Amino acid sequence: MSTPDLPPDYYFRNFCGLVDHVRAHHDDLLNDTERHQVSTLRALPAQAQMRYVRMLMRRGNLFRLDRLQYAEIADTAQSAQTLEAAGLVRLDPDLPVEAVAGLYSKPEWLHTLADKVSTEQLRALRALKRAELDAELRNIYSGDRPCLPSTIIELRQPAWFDTFKLLYFGNLHQDLTEFVLRDLGLYRFENYRIDRDTRLIENREQLQELLDYYRLRDLREEVLAGQPEGILEYENSLQQLGNGSRLLCKKVERDRLALARQLERLDAPAEAVTLYERCMAPPARERRARLMSKAGEIGASLKLCGDMLASPRSEEEQFFAADFGYRTARKNKLPWPQPQKYIPPDALIRLDQDEYGVEAGVAAHLDANGECHYVENTLFGGIFGLYYWDLIFAPAAGAFTNPFQYRPHDLYETDFLSLRGAQWRDPEVDFTRPKQLADELIQRWQEKQGIANPFVAWEMLSPELIQSALERIPAAHWAAVFSRIWRAPRENRSGLPDLIFFPADGGYELLEVKGPGDRLQKNQLRWMQHFEAHQIPHKVINVEWR
DNA sequence: ACCAATCACGCATAT
DNA sequence: GCGCCTCCTG
DNA sequence: ATATGCGTGATTCAGGAGGCG
Ligand SMILES: [Mn+2]
Ligand SMILES: [Mn+2]
C-alpha cells in the first residue's frame with residue numbers, strides 16, 4: 001500500500017499543534033519551569049526548534065551531533081548553539097564514560113582506545129561482549145573524562161514534554177507518532193466533536209499524580225522480576241501517589257492486582273492477600289477466596305464467596321463464587337447450593353490436519369452444506385459498532401478531548417448509556433426490517449471504513465456477511481446479544497464463537513471449534529449459557545485429527 | 001487499546 | 001557473511 | 001478418566017539501517 005508524502009517539516013507541525021493546543025487550553029495547569037521552557041523554545045528560529053524536536057522524538061537525552069543530520073535542518077552547528085544559548089541543551093557536557101558509552105559502537109571504542117591501552121589489552125577488549133566492554137570502560141577511565149571524536153549534545157530536562165503529552169492525550173502511551181500514522185492513513189479516527197469545556201485532568205494535583213505514576217511505572221517491570229520486598233515497596237509508593245482522580249485510581253488498581261498476583265507466584269500469600277484487600281476490582285476477591293481456601297480458612301473463604309454472590313462486581317466473579325463455593329463446601333462436607341452447570345450441545349468432526357488451523361478447516365468442511373464464516377468476536381462486535389456508531393461517538397460532556405481517541409473516555413462507565421438517551425435505538429425494532437437496516441449498515445461500513453472503533457474489526461467484515469447475518473438472525477437474537485454487550489461492553493466484547501454457519505436451507509448456527517486438547521474458556525461458556533437462555537442456536541464442534 | 005488483552009496450546013495438579 | 005535485535009523513519 | 005489451574009506464545013504500521021554475536 002502506498003502512503004502519501006508528508007511535508008519535510010511534518011513532525012514540527014505536529015509538535016506545534018500539540019504544544020500550542022496545551023498552551024491554549026491547559027496553561028493554568030503548567031508550572032513555571034514548563035511554561036518557561038516552552039515559551040523559550042517557541043521563540044527560537046524554526047531550525048533550532050526543529051533540531052530540538054528531532055531530539056525529543058528520539059530515545060535518550062544524549063546524542064552525537066554527527067548523528068543528528070537531517071536534510072530539512074541546514075545549519076547543524078548554529079541551531080545547536082542557539083539551543084545552548086537558550087539553556088535548552090548542553091554541548092559537550094561533562095560526563096563520565098558510562099553515560100556516553102552507548103553512543104559509540106564497539107569498533108569505535110576500540111579505535112579511540114588504540115592509543116590509550118596496549119595492543120594486547122586491545123585484543124582482549126575486542127573479545128568482550130558489549131555489556132562487558134561498557135563495564136570495562138569504567139575501569140579503564142576510572143573517573144577520567146574520555147576524549148570523544150564528536151560533539152555531544154544533551155537535552156536539558158525534556159520532562160516538560162511528558163506533561164504536554166499527558167495533557168493532550170490524557171495518557172503517556174500515545175505520542176507524536178499518532179499524528180504521523182494518521183496522516184499516512186494507517187490510523188483513522190472518527191471526526192467527533194471535541195469538548196473543550198470539560199477537561200480530563202482538572203488541576204495540578206491530578207496532573208502531578210499521573211506524572212508521578214508514570215515515572216514510577218518505569219520501574220515496574222524490574223520490580224515484578226524481583227523479590228517480594230521490592231514489590232511491597234513499590235506498592236507502597238503507588239499508595240502514596242495520592243487519592244485524587246479516577247484516572248489514577250484505575251491505573252493503580254490494575255497494577256496492584258498484578259503485583260499481588262506476582263506475590264502469589266513468589267509464594268508470599270499473606271502479602272498477596274494484603275494487597276488484594278486494597279482492591280475493589282475483580283479478581284481481587286476471587287484470589288482471596290482461593291488463597292484462604294488453600295490456607296485452610298474454609299469458613300472465611302465461603303463467607304467471601306457468599307459476599308460475591310450477594311453483590312457480584314462482575315459476571316465472572318459471580319460464576320466463580322457459585323462454582324468455587326460449591327466445590328470447597330463439598331470438599332469439607334458443608335452445605336452449599338449446587339450451581340446449575342450448563343453443558344452446551346456438541347458434535348465431533350474428524351478432519352485431515354491442514355496448515356490453516358482448525359477453525360478454517362471446520363469452516364471449509366461446512367461450506368459444502370452452506371456458507372461458513374470464521375468471525376470470532378468480529379461479527380456481533382462489528383454489527384454492534386456500526387449500528388450504535390452515532391451513539392458511541394455522540395458528543396457528551398468530557399467524552400472526547402483530542403482527535404486521537406478510538407472511543408469516548410467514558411465508554412466503560414456505568415452511566416454511559418443513560419447519558420446518551422437521545423441516541424438510543426432499540427434493536428428489537430430496527431432488526432425486524434433487515435433489508436432496510438442492512439442498507440444503512442453497509443453504507444456506514446463504506447463511509448467509516450477503517451475508522452477506529454473498539455467494536456469493529458474492519459478486515460473481517462464485508463457487505464455480504466452483513467447482509468447474510470441480518471437476513472438470517474432474528475431481531476430478538478440481536479437484541480439479546482447487544483443487551484449483554486451493553487451490560488459490560490469491555491468484558492462481553494470477547495468470548496463469542498469462532499464460526500457462524502448459514503445452512504443452505506435457512507437459519508444459522510454459532511459454532512465454537514475446539515481442537516484436540518482445547519476447551520471452552522469461561523467467557524465462551526457464559527456466552528453459550530446466554531445463547532441457551534435466548535434460544536440462539538449454538539454448538540461446540542470438537543475436532544479429531546484422522 | 002496503555003508491553004496488553006485475547007485466543008490456542010501444553011503442562012501440572014486435583015478429583 | 002548470516003540472523004536477530006533495537007532504533008528510527010514517514 | 002475428567003476436571004481445573006496456571007504458564008506459554010503470537011500478535012499489534014511496514015520497512016530500513018546498523019550493531020552485535
Ligand atoms: Mn477462537
Ligand atoms: Mn475455538
Side-chain angles (χ1 to χ4, degrees), chain A residues 1-11 13-14 54-55 57-60 63 67-68 70-72 102-109 126-133 165-166 169-189 210 213-214 217-218 220-221 224 247 250-251 254-255 258 261-262 264-265 286-287 290 293-294 320 323-324 327-328 330-331 341 343 357-359 374 376-378 381 404-407 409 411-412 450 452-455 457 459 490-491 493-498 512-524 543:
Chain A
M1 223 208 281
S2 73
T3 52
D5 280 347
L6 264 31
D9 61 344
Y10 70 94
Y11 60 93
R13 298 185 193 203
N14 299 338
R54 278 291 195 183
M55 287 191 275
M57 297 197 309
R58 288 178 49 170
R59 167 169 268 265
F63 307 92
R67 291 288 165 82
L68 277 180
Y70 294 98
E72 78 284 358
L103 295 179
Y104 296 92
S105 70
K106 233 173 94 175
E108 283 170 328
W109 274 118
R126 200 184 308 275
L128 294 180
K129 291 212 200 101
R130 180 66 219 222
E132 296 165 340
L133 174 69
K165 280 186 290 190
L166 183 51
F169 291 112
N171 61 62
L172 273 189
H173 61 93
Q174 289 180 293
D175 56 31
L176 286 173
T177 71
E178 298 287 322
F179 289 80
V180 179
L181 296 179
R182 178 199 58 186
D183 295 340
L184 289 175
L186 294 165
Y187 288 178
R188 293 190 65 200
F189 297 94
L210 285 166
Y213 166 81
Y214 279 111
R217 218 181 65 133
D218 294 338
R220 193 179 61 169
E221 204 174 330
L224 279 171
L247 219 50
K250 272 192 280 191
K251 290 176 197 299
R254 249 205 211 317
D255 286 358
R261 202 58 206 272
Q262 183 59 18
E264 287 191 61
R265 281 186 275 263
E286 169 182 335
R287 299 311 309 173
R290 287 182 190 281
S293 168
K294 203 184 283 183
F320 165 81
D323 205 53
F324 187 78
R327 274 173 14 225
T328 58
R330 204 179 50 153
K331 216 183 322 185
K341 185 188 228 149
I343 298 172
V358 244
E359 297 89 352
Y374 182 14
E376 243 161 26
N377 306 314
T378 64
F404 299 97
Q405 295 178 228
Y406 74 105
R407 62 163 169 91
H409 287 125
L411 178 62
Y412 303 129
N453 177 318
F455 299 104
E459 61 281 9
R490 203 213 289 269
E491 293 81 352
R493 199 167 52 213
S494 59
L496 286 144
D498 291 319
E512 172 57 39
V513 178
K514 288 299 166 199
D518 194 10
R519 60 193 130 100
L520 278 183
Q521 289 164 233
K522 284 180 172 184
N523 54 351
Q524 294 173 331
V543 175

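Note that this is a predicted model, so its numbers are computed, not measured. Numbers restart at 1 for each chain; the letters A, B, ... are given by sequence-line order, proteins then strands.
A perpendicular orientation is assigned to the rings of Y187(A) and F189(A), their planes being inclined by more than 60° (bins at 30° and 60°).
R407(A) CZ to H409(A) NE2: the interatomic distance, rounded to the nearest 0.5 Å, is 7.5 Å.
Under 4.0 angstrom from either OP1 or OP2 of dG7(D) there lies at least one side-chain N or O belonging to R265(A). For the pair R493(A) and dA1(B), the criterion of a side-chain N or O lying under 4.0 Å from OP1 or OP2 is met. The side chain of Q524(A) contributes an N or O atom lying less than 4.0 Å from OP1 or OP2 of dA8(B). The phosphate of dG10(C) (OP1 or OP2) has no side-chain N or O of R13(A) nearer than 4.0 angstrom.
Listed candidates were dG5(D), dC7(B), dA8(B). Nearest to the side chain of K514(A) is dA8(B). With distances taken from any side-chain atom of R327(A) to the nucleotides dG19(D), dT4(D), dG10(C), the minimum falls on dT4(D). For K106(A), the listed nucleotide lying nearest its side chain is dG21(D); candidates were dG21(D), dC9(B), dC7(B). For E376(A), whose side chain is taken as the heavy atoms from C-beta onward, the closest listed nucleotide among dT9(C), dA4(B), dA8(B) is dA8(B). When distances are taken from the side chain of D518(A) to each of dC13(D), dC9(B), dT6(B), the shortest belongs to dC9(B). Comparing dA1(B), dC8(C), dC9(B) against the side chain of F189(A) picks out dA1(B) as the nearest. Relative to the side chain of R67(A), the nucleotides dC7(B), dC13(D), dG19(D) differ in distance, and dG19(D) lies closest. In the set dA3(D), dT15(B), dC6(D), the nucleotide with an atom closest to the side chain of K331(A) is dT15(B). Minimum atom distance to the side chain of N523(A) is reached by dC7(B), of the listed dC7(B), dC9(B), dT4(D). Of the candidate nucleotides dA1(B), dC20(D), dT9(C), dA1(B) has the atom lying nearest to any side-chain atom of Q174(A).
Counting any heavy atom pair closer than 4.0 Å across all strands shown, R182(A) reaches no nucleic acid atom. E491(A) comes within 4.0 angstrom of no nucleic acid atom, judged by non-hydrogen atoms across all strands. Across all strands shown, E264(A) has no heavy atoms under 4.0 Å from either base or sugar-phosphate atoms. Across all strands shown, E512(A) has heavy atoms under 4.0 Å from sugar-phosphate atoms exclusively, and none from any base. R330(A) comes within 4.0 angstrom of no nucleic acid atom, judged by non-hydrogen atoms across all strands. Residue Y70(A) is classed as a sugar-phosphate contact, given heavy-atom separations below 4.0 Å to backbone atoms only. Among the protein residues, D183(A) comes within range of no part of the nucleic acid, since none of its heavy atoms lies under 4.0 Å from any strand. Counting any heavy atom pair closer than 4.0 Å across all strands shown, D5(A) reaches no nucleic acid atom. At a threshold of 4.0 angstrom between heavy atoms, the contacts of R126(A) with the nucleic acid are absent.
Separation of the F179(A) and F404(A) ring centroids falls under the 6.0 Å cut-off.
A distance of about 16 Å separates the P atoms of dG18(D) and dG1(C), rounded to the whole Å. Rounded to whole Å, the separation between the C1' atoms of dT15(B) and dA1(D) comes to 10 Å. Here, dG16(D) and dA1(B) have their C1' atoms 27 Å apart, quoted to the whole Å.
Under 4.0 Å is where a charged nitrogen must lie from a carboxylate oxygen, and between E108(A) and K106(A) no such pair does. Between R493(A) and E376(A), no side-chain nitrogen of the basic residue sits less than 4.0 Å from a carboxylate oxygen of the acidic one, so the salt-bridge criterion is not met. Under 4.0 Å is where a charged nitrogen must lie from a carboxylate oxygen, and between K165(A) and E178(A) no such pair does.
Residue side chain Y10(A) fails the stacking definition with respect to dG10(C), as its ring centre and the base's six-membered ring centre are not both under 5.5 angstrom apart and under 30 degrees in plane angle.
E72(A) and Y11(A) are linked by a side-chain donor-acceptor pair at a separation below 3.5 angstrom, with hydrogens and angles left out of the test.
dA4(B): no Watson-Crick or G-U partner with both key distances under 3.5 Å is found in any strand.
In this structure, the OH atom of Y374(A) is 10 Å from the P atom of dC7(B), given to the nearest Å. One atom, CG of L520(A), and another, C1' of dT2(D), lie 15 Å apart when rounded to the nearest Å.
Residue-to-nucleotide contacts include a donor-acceptor pair under 3.5 Å from the side chain of R519(A) to the base of dG5(D).
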